[in-house]
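Report on one structure; see the data block that follows.
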Amino acid sequence: MNIKERPAYTTLAEIYDAVMQEVNYDFWADFLDALMLQHHPNPESVMELACGTGSLALSLDELECYEMWGTDRSPEMIAKARQKNKDRMCSVNFSVMNFLDITIDRTFDVVICVFDSINYLHEPKQVLRFLQECQKLLGPKSLLIFDFTTPINSMEAIDYLNNEEDTTDNHFHFLRRSTYDAEKQIHTNRFEIQKLSADHQTVEEEFVEVHRQKIYTLQQMLDIIDQTPYTVVAKYNEFEFEEANEESLRITMVLQCLHTQS
Ligand SMILES: C[S@@+](CC[C@H](N)C(=O)[O-])C[C@H]1O[C@@H](n2cnc3c(N)ncnc32)[C@H](O)[C@@H]1O
């Protein structure tokens, strides 16, 4: 069978929520909610960049404290987010947008970009561009909150991410293989996705998506931020109010920018 190579987050959108079923987005939303309240006097409007299928934005919306927006580069992921918005009777404003080309003309109290979406930026200059673009969305008191995963996380993850799973709910089957190049700090996830017939007996189509992420150390990220007008308000280890360090697996940064573009 002819295996079709697809860009990241096109076919995967069909099974993304099944792949992420272990992720507790409500817990994540509670952590971010606490973090926003800790560092902003009155957070009301929140933009999630790279929101994927919208699970986190929807969990935040259900707290009924925020005017929620969500954007992502992938139209397929946003289509899923919009459907869930409708199904859950939420009111998140979802749209397609590349976070390296921000076109929404307003500011938010908080801009969030989590679940290692930043790791898709392979060069420090792209992270600089991201930080510059985000300035368009930030007022003087606004927060930019983003996370990234570290080399230690990738080294641990490859032990458990080589998995094969059936996602029987929507007739797809996937196999994920993970590798990590420690020298180049590149983490690769290769997803082989099979579309099954209604009775699950036949493979109708096969797709491959290769996701490559650059894995930054804390010091590398701090060196990048140092070149910008942002100040680091806080940096947290995983989902705790504990200072991140070079041993952290996932780091959540809270930044503020004194020179906003608004
Ligand atoms: C690991 S997923 C995280 C999705 C979501 N934040 C979540 O928690 O489930 C990474 C997301 O980043 C998005 N993404 C990658 N590069 C992007 C870019 N330049 N602009 C906007 N979204 C991007 C992908 O389309 C994908 O939905």
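Start at 1 and go down the list; that is how both ligands and their atoms are numbered.
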ask   = ring pair (Phe, Tyr, Trp, His ring centres under 6.0 Å) with Phe115: which of Phe146, Tyr16, Trp28?
value = Trp28

ask   = atom 1 (C) of ligand 1: which protein heavy atom is closest, and how many Å away?
value = Tyr9 OH, 3.1 Å

message = For the backbone of Leu12 and the side chain of Glu76, can you confirm whether one donor and one acceptor N or O come within less than 3.5 Å of each other?
response = no

note = Heavy-atom nearest pair, Val110 first then Pro43, reads CG2-CB, 4.0 Å

ask   = Based purely on interatomic distance, does Phe99 place a nitrogen or oxygen under 3.5 Å from a nitrogen or oxygen of ligand 1?
value = yes

message = Using a 4.0 Å cutoff against the non-hydrogen atoms of Val114, which atoms of ligand 1 qualify?
response = 6 (N)

inquiry  = So, regarding Arg73 and ligand 1 (criterion: nitrogen or oxygen to nitrogen or oxygen, under 3.5 Å), is there a contact or not?
reply    = yes

ask   = Going by the order shown, which atoms of ligand 1 are within less than 4.0 Å of some heavy atom of Ser74?
value = 25 (O)

ask   = Numbering the atoms of ligand 1 from 1, which are under 4.0 Å from a heavy atom of Glu48?
value = 6 (N)

ask   = Can you tell me which residue and heavy atom of the protein come closest to atom 14 (N) of ligand 1, and the distance to 0.1 Å?
value = Ala50 CB, 4.1 Å

inquiry  = Could you check whether Tyr66 and Asp33, counting side-chain N and O atoms only, form a donor-acceptor pair closer than 3.5 Å?
reply    = yes

task = Indicate yes or no: does an N/O atom of Asn98 lie under 3.5 Å from an N/O atom of ligand 1?
result = yes

query = What residue and heavy atom of the protein are closest to atom 25 (O) of ligand 1, and at what distance?
reply = Asp72 OD1, 2.6 Å

task = Anything under 30° is parallel, anything over 60° is perpendicular, the rest tilted; go ahead and classify Tyr236 against Phe241.
result = perpendicular

inquiry  = Within the 4.0 Å heavy-atom shell around Gly52, which atoms of ligand 1 are there?
reply    = 4 (C), 5 (C), 27 (O)

NZ/NE/NH1/NH2 to OD/OE distance under 4.0 Å, Arg106 and Glu67 = yes

task = Say whether Tyr25 and ligand 1 are in contact under the criterion: heavy-atom distance to a ligand atom below 4.0 Å.
result = yes

query = Measuring from the heavy atoms of Met77, does anything fall under 4.0 Å of ligand 1?
reply = yes

query = Short N/O distance, under 3.5 Å, between Leu100 and ligand 1?
reply = no

remark   = Residues joined to Ile3 in its hydrophobic cluster, side chain to side chain under 4.5 Å directly or through other members, sorted by chain and number, are Val208, Val210

Protein residue, atom and distance nearest to atom 10 (C) of ligand 1, heavy-atom basis = Ser117 OG, 3.4 Å

task = Kindly assign one of parallel, tilted or perpendicular to the pair Tyr120 and His211, based on the angle between their ring planes and the thresholds 30° and 60°.
result = perpendicular

query = Hey, is Ala8 touching ligand 1 through its side chain, its backbone, both or neither, going by heavy atoms under 4.0 Å?
reply = neither

query = Below 4.0 Å from any atom of ligand 1, is there a heavy atom belonging to Ser55?
reply = no

inquiry  = Heavy-atom contact check, 4.0 Å cutoff: does Tyr16 meet ligand 1?
reply    = yes

key: Carboxylate-amine/guanidinium contact Arg88 Asp61, below 4.0 Å   = no

task = Look at Glu206 together with Lys4 and state whether they make a salt bridge at an N to O cut-off of under 4.0 Å.
result = no

ask   = Should Leu56 be listed as contacting ligand 1, given a heavy-atom distance under 4.0 Å as the test?
value = no

ask   = Do Glu5 and Phe207 have side-chain heavy atoms sitting under 4.5 Å apart?
value = no

